[in-house]
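So you know, we letter chains A, B, ... as the sequences are listed, proteins then strands, and number each from 1.
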2 protein chains.
Amino acid sequence: MHHPSAIRPEAHAAFHPEKMGKATLFESERILVGLNCFEAGQEHALHAHDDMDKVYQVIAGMGLFLLEDRELPMESGLMLVAPSGVPHGIRNTGPGRLVVLAILAPAPGSRAGTGG
Amino acid sequence: MHHPSAIRPEAHAAFHPEKMGKATLFESERILVGLNCFEAGQEHALHAHDDMDKVYQVIAGMGLFLLEDRELPMESGLMLVAPSGVPHGIRNTGPGRLVVLAILAPAPGSRAGTGG
């Protein structure tokens, strides 16, 4: 993908029949801008990252943000920030596909980043 | 703002009658998640950041992404990534307000960050 250009993130969604699909829109040492793509019923189980913040922004679909002590309804346009060390996950509870922008800083695998 | 929680970014928009308004949704050393808010006719002139990547995601409104050699139409749902060193800006050319998610990594003013 060439940057800078105006892109519609959902046009790059990548689904996988057996687990959450991932697509990368941009990556540097500092940041990973990607998509988490869920078929109906799929989820990304509760997990946490050390020394890395994650921003979710829902692009399309409906589901739940999973947190350590509660679940929050998610729908298009909602954002959730999981600061470093805070457990988070996603479950697609809707009838259709769910596409969520997932931004991590720093990028996983970079010098400062851990996890994915 | 408490994190993690599900937020609707545009609910935190802050406008300024004389220049682009800014709001911060989350900030750490690693990342700044904010809003750039434009009244009709306002712009953020072409500028660049060293050692910092910026992600724009349009939340509401219409305008132009400003780049060194061209201008690209922007509307709700479009993203533009300005990698480190790449000049970028925004002009609100629509009849109403323009709200754009602006994510910077690392955060301006952090050890690694420069500019804003």
Side-chain angles (χ1 to χ4, degrees), chain A residues 1-12 25-33 35 48-49 51-60 64-89 101 103-107 110-113, chain B residues 1-12 25-33 35 48-49 51-60 64-89 101 103-107 110-113:
Chain A
M1 206 171 310
H2 179 73
H3 295 285
S5 57
I7 64 175
R8 197 162 282 281
E10 62 272 30
H12 303 274
L25 302 175
F26 176 77
E27 186 168 10
S28 72
E29 284 189 4
R30 296 172 282 270
I31 194 168
L32 171 67
V33 182
L35 295 173
H49 311 277
D51 302 319
M52 181 190 297
D53 301 312
K54 188 170 194 171
V55 182
Y56 284 134
Q57 173 81 14
V58 185
I59 302 290
L64 293 172
F65 289 119
L66 311 179
L67 297 172
E68 203 166 19
D69 56 350
R70 62 199 194 282
E71 300 174 344
L72 300 174
M74 55 156 47
E75 60 177 19
S76 181
L78 284 180
M79 168 183 286
L80 183 135
V81 179
S84 174
V86 172
H88 58 280
L101 198 57
I103 298 179
L104 297 92
S110 67
R111 189 165 45 85
Chain B
M1 206 171 310
H2 179 72
H3 297 285
S5 58
I7 62 174
R8 198 162 281 283
E10 62 271 31
H12 303 274
L25 302 175
F26 176 77
E27 185 168 11
S28 72
E29 285 188 4
R30 296 171 283 271
I31 195 167
L32 171 67
V33 183
L35 295 173
H49 312 277
D51 302 318
M52 181 190 296
D53 301 311
K54 188 171 195 171
V55 182
Y56 283 134
Q57 173 81 14
V58 184
I59 302 289
L64 293 172
F65 289 119
L66 311 179
L67 298 171
E68 203 167 19
D69 55 351
R70 62 198 194 282
E71 299 174 346
L72 299 173
M74 57 155 46
E75 60 177 18
S76 181
L78 284 180
M79 168 183 286
L80 184 134
V81 179
S84 174
V86 173
H88 56 279
L101 197 59
I103 298 179
L104 297 92
S110 68
R111 190 166 45 86

Considering non-hydrogen atoms only, spot the tightest contact between [X] and [Y] and give its length.
X     : Y     : answer
A:R30 : B:S84 : NH2-CB, 3.4 Å
B:P4  : A:R70 : O-NH2, 2.8 Å
B:A6  : A:P73 : CB-O, 4.4 Å

Can you tell if the side chain of [X] reaches within under 4.5 Å of the side chain of [Y], non-hydrogen atoms only?
X     : Y      : result
A:F26 : B:D53  : yes
A:V86 : B:H3   : no
B:I31 : A:I103 : yes
A:E75 : B:R8   : yes

*Top contributor to chain A interface from B:S28, B:A11, B:A82, B:P9 [non-hydrogen pairs under 4.5 Å]*: B:P9
Is chain B contacted by the side chain of [X], its backbone, both, or neither, given a heavy-atom distance below 4.5 Å?
X     : answer
A:V81 : both
A:I7  : both
A:L72 : side chain

*asked:* Taking CD in B:E68 as the centre, count heavy atoms belonging to other residues, nucleotides or ligands within less than 6.0 Å. Is the count above 12?
replied: no
